[in-house]
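This report refers to the structure that appears directly beneath it.
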Amino acid sequence: MLAHPLRSLASRLSAPQLAHQGVARLSPCCVAPPWRTSSKMLMSTEYKQNDGSKRKTPSPKQERTAHGSDTGSSSLSLFTAGAAKKRAEFTKSQMGETLADASTIAKVAKTSVPVRPLSIDEWKKLKAEWYNKTRFEVSIMEKLLSTRADVDVAKSLLVFVTMETGTVEYELLLKYLALCVQKQHLSEVLDLYVIMKTRFKLLDIGAYSLFISGFSKTDHWREAVMFLDSIKKMMNPSPRNYGDIIISALRHKEVETAWKLFKEMEGKNLKPNEDTLIAFFDCGKSFSDDQYENKMMYILSYLRDNQIYPGEHLMHSIHSWFESIPGNRWKGHLTTILHSGECQECNTVLESIQLSEEEYSLLRECVMNDIIQGTDVFKKTTPQELQHFQTFVKNRPPFDVVIDGLNVANITTKGSQSRILLDVVSYLARQKLRLLVLGRKHMLRGTSSWNKGHMALIQKCADCFFTADISEDDPFLLYATMHSGNHCKFLSRDLMRDHKACLSDKNARRLFFKWQRGHQLVLSSYNPGYKMKFEIIPKYDTIIQTTSNTWHIPYDEEGVERCSYEVPRKWLCLQRHN
């Protein structure tokens, strides 16, 4: 073991060098055929194109039999966790490609780094052979950090640098500090703080963050709060900064300190890391008072309100904490939810995916203000075209389905685009639904892709509005759907993420996602002349929810990659048995 070089270096280190950062052509077919009446939206998944009848809704018993114990994984909808990855894998397989392991995607040339402490002469020899001698020390330290090397190797490098230059610069010390934190050499972290505080007038955010991480794992953890305050003077601390101290405070039974920091994070709209939340529930097993239980219930409500889904590790901590509550006799089971919204474990029917009238009114107002009338919308259309469309919609009865014509027509390369769109519109028209098809003017010109005869038939089945070719369909689609009322669905595979992001209110963004999952029809497959398949619209909301004697918590499965617009398919069911 090398003698510690840094204590004797403290007085020799020199001053720092801080390394600091168009009006549409309206068709005459806008009057609906006399048989067209508003009806309930189709909810089934697969149809023969020449059969207008709707498949009967199965009874709960039939549903259980059909879907077995894993209803969530039998088919992946646009919003189901893991669906995006599976689509990507399918697309690549169709192209004759295979997904490579992460290790084979890119082979990075390995530059050998020392695996043992080197003498000064050995370091000199290595530096003489190095390709970039001006950055030699920093490059080596970066490689030691990335390979999680032994700290003693890094110490020998610092001895070499000190003997060669008489000082160790800030950047090199910072990377050495990162290695010490990574390897949990906590006494070294404490010594480095003394050295850097003495030598440098100012420390940067990176240094303070590392000191928070290191000090939080020692008996000096309260000093980490001081480092947190230093970061606050420069910028908002990160969730990791808060989490390191919260975890340490809980470990030392300082619940009020941890709770104060959690509430401070909430006030700054910082999402806590999962291990921070795990610490709260794991620590709770040693407390049996009502105050701590109320705090845990608050965290569950916080996760619900912010639509945060626990990972599998956090789910197990929540499960274990509930079952540790004395006297309440909570029992938890992993479960899936039937398409009807019924929990297979306790038979509780979950909250509906449909918005209440109050929620719908709030969302509609936000969509109209932030998306339809927002400053960005006229980059995608003109005021005259939008006004013409609004008048067009207001002068007609509410629609049942608004169809993104181009999006639907491009579901497959089999057949012409106009044929695909005609098949879909014809099927929906046979359901006696009031339809609005949104398209662009080039669809009416008559080409091999857009047959004039097909387009004429479409205009007999549905109201149509064709925008300028440079316009974007989405604002028109959202306006017509929202204006038609809470019953109206829209047909598109577009995820609407940009439009959701335009909403200024956090609650409105949550309601938009809920509305979208309850109103978006998706044509998942189409085979000309045979059958088309629509994804089932769920009847229940995927969100943490509770009744007087139950909690239902959707969670992310380990190993399942979920995009931000997807929702989990597995649930934890907790029941209180009185």
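Between the Asp505 side chain and the Asn507 main chain, a donor and an acceptor come within less than 3.5 Å of each other. For Glu345 (side chain) and Cys343 (main-chain N/O), no donor-acceptor pair under 3.5 Å exists by modelled atom type. Distance alone, capped at 3.5 Å, is enough to place a donor-acceptor pair between the Asp370 side chain and the Ser504 backbone. The closest donor-acceptor contact from the side chain of Arg434 to the backbone of Asp400 lies at 3.5 Å or more, if one exists at all. A side-chain donor-acceptor contact under 3.5 Å links Ser209 to the backbone of Ile205. Although no hydrogens or angles enter the test, the distance criterion places a donor-acceptor pair under 3.5 Å between the side chain of Ser286 and the main chain of Cys283. At least one donor-acceptor pair closer than 3.5 Å links the side chain of Tyr360 to the backbone N or O of Met482. Judged purely by atom type and a 3.5 angstrom limit, Lys183 uses its side chain to pair as donor or acceptor with the backbone of Arg148. In this structure, Gln184 contributes its side chain and Val181 its backbone to a donor-acceptor pair below 3.5 Å. Judged purely by atom type and a 3.5 angstrom limit, Gln182 uses its side chain to pair as donor or acceptor with the backbone of Leu145.
Of all non-hydrogen atoms in Leu250 and Tyr292, the two that sit nearest each other are CD2-OH, 4.2 Å. Contact between Val401 and Leu433 at its shortest, heavy atoms only, is CG2-CD1, 4.1 Å. A pairwise comparison of heavy atoms in His519 and Ile537 identifies C-CD1, 4.4 Å as the closest pair. A pairwise comparison of heavy atoms in Cys573 and Thr335 identifies CB-CG2, 3.8 Å as the closest pair. A pairwise comparison of heavy atoms in Leu421 and Ala409 identifies CB-CB, 4.4 Å as the closest pair. Across every non-hydrogen atom of Leu277 and Pro272, the tightest pair is CD2-CG, 3.9 Å.
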Steps toward side chain to side chain contact (heavy atoms under 4.5 Å, CB included) verdict (Asp541, Leu350):
CA-CA 7 Å; Asp541 194 8; Leu350 301 190; over 6 Å; no
Yes or no on side chain to side chain donor-acceptor pair (under 3.5 Å) for Lys506 and Asn306, after CA distance, side-chain angles and deciding distance?
CA-CA 8 Å; Lys506 179 177 68 175; Asn306 290 276; 3.1 Å; yes
In sequence, state the C-alpha distance, the side-chain angles, and the governing distance for Met496 and Phe490, and then conclude on side chain to side chain contact (heavy atoms under 4.5 Å, CB included).
CA-CA 12 Å; Met496 305 288 173; Phe490 67 96; 3.9 Å; yes
Start with the C-alpha distance between Thr276 and Asn273, add both sets of side-chain angles, then the distance that settles side chain to side chain donor-acceptor pair (under 3.5 Å), and finish with yes or no.
CA-CA 5 Å; Thr276 304; Asn273 291 334; 5.1 Å; no
Thr348 vs Asn549, side chain to side chain contact (heavy atoms under 4.5 Å, CB included): CA-CA, chis, key distance, verdict:
CA-CA 10 Å; Thr348 298; Asn549 289 307; over 6 Å; no
So Ser320 and Ser317, side chain to side chain donor-acceptor pair (under 3.5 Å) or not? Walk me through it.
CA-CA 5 Å; Ser320 180; Ser317 290; over 6 Å; no
Does Gln575 form a side chain to side chain contact (heavy atoms under 4.5 Å, CB included) with His552? I'd like the steps, not just the answer.
CA-CA 9 Å; Gln575 301 175 68; His552 287 89; over 6 Å; no
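The neighbour count for Lys263 NZ, taken as heavy atoms of other residues, nucleotides or ligands under 6.0 Å away, is above 12. By the 6.0 Å contact criterion, CG on Asp219 is open, its count of non-hydrogen atoms from other residues, nucleotides or ligands being 12 or less. Counting non-hydrogen atoms of neighbouring residues, nucleotides and ligands closer than 6.0 angstrom, the NZ atom of Lys295 exceeds 12 such neighbours.
To the nearest 0.5 angstrom, Thr546 atom OG1 is 9.0 Å from Leu574 atom CG. Atom-to-atom distance recorded for Ser238:OG and Asn241:CG is 3.0 Å, nearest 0.5 angstrom. Going from atom CD1 of Ile411 over to atom CE of Met532 covers 10.5 Å, rounded to the nearest 0.5 Å. Separation of atoms OG1 (Thr481) and CG (Leu436) is listed at 8.0 Å; rounding is to 0.5 Å. Taking OG of Ser484 as the reference point, atom OH of Tyr479 lies at 9.5 Å (rounded to 0.5 Å). Atom CG of Leu477 sits about 6.0 Å away from atom OG of Ser492, to the nearest 0.5 Å.
In this structure, Phe476 and Phe389 have perpendicular ring planes: the angle between them is above 60°, well past the 30° mark. Ring geometry for His319 against His316 counts as parallel: the plane angle stays under 30°, on a 0 to 90° scale with 60° as the upper cut. Ring-plane geometry between Phe322 and Trp330 is classed as perpendicular, the angle between the planes exceeding 60 degrees on a 0 to 90 degree scale with a lower cut at 30.
Comment: Glu351 engages Arg304 in a salt bridge, judged by a side-chain N to carboxylate O separation of less than 4.0 angstrom. Between Asp244 and Arg240 there is a salt bridge, with a side-chain nitrogen of the basic residue lying less than 4.0 Å from a carboxylate oxygen of the acidic one. Ionic pairing of Arg562 and Glu557 is not present here: no N-O contact between side-chain nitrogen and carboxylate oxygen is shorter than 4.0 angstrom.
Remark: aromatic rings of Tyr242 and Phe262 are distant, center separation not under 6.0 Å. The ring of Tyr298 has its center closer than 6.0 angstrom to the ring center of Trp259.
Contact of the Lys514 side chain with the Leu355 side chain is registered, since non-hydrogen atoms from C-beta on lie closer than 4.5 Å. In this structure, the side chains of Ile245 and Phe227 stay at 4.5 Å or more apart for every pair of heavy atoms. Side-chain atoms of Tyr555 and Leu314, non-hydrogen and from C-beta on, never get closer than 4.5 Å to each other. Contact annotation: the side chain of Leu521 never approaches that of Ile403 to less than 4.5 Å [non-hydrogen atoms, C-beta and beyond]. Residues Leu270 and Glu264 have side chains not in contact (no heavy-atom distance under 4.5 Å, counting atoms from C-beta outward). Within the 4.5 Å cutoff, the side chain of Ile553 has heavy atoms near those of the Leu300 side chain. Residues Lys271 and Pro239 fail the side-chain proximity criterion, which asks for heavy atoms closer than 4.5 Å. Residues Lys331 and Arg576 are not in side-chain contact: their nearest non-hydrogen atoms beyond the backbone lie 4.5 Å or more apart.
Cation-pi check for Arg517 over Phe513 is met; the charged atom lies under 6.0 angstrom from the ring centroid and within 45 degrees of its normal. Figure legend: cation-pi geometry between Lys285 and Trp321 absent, as NZ or CZ is not positioned both under 6.0 Å from the six-membered ring centre and within 45° of its axis.
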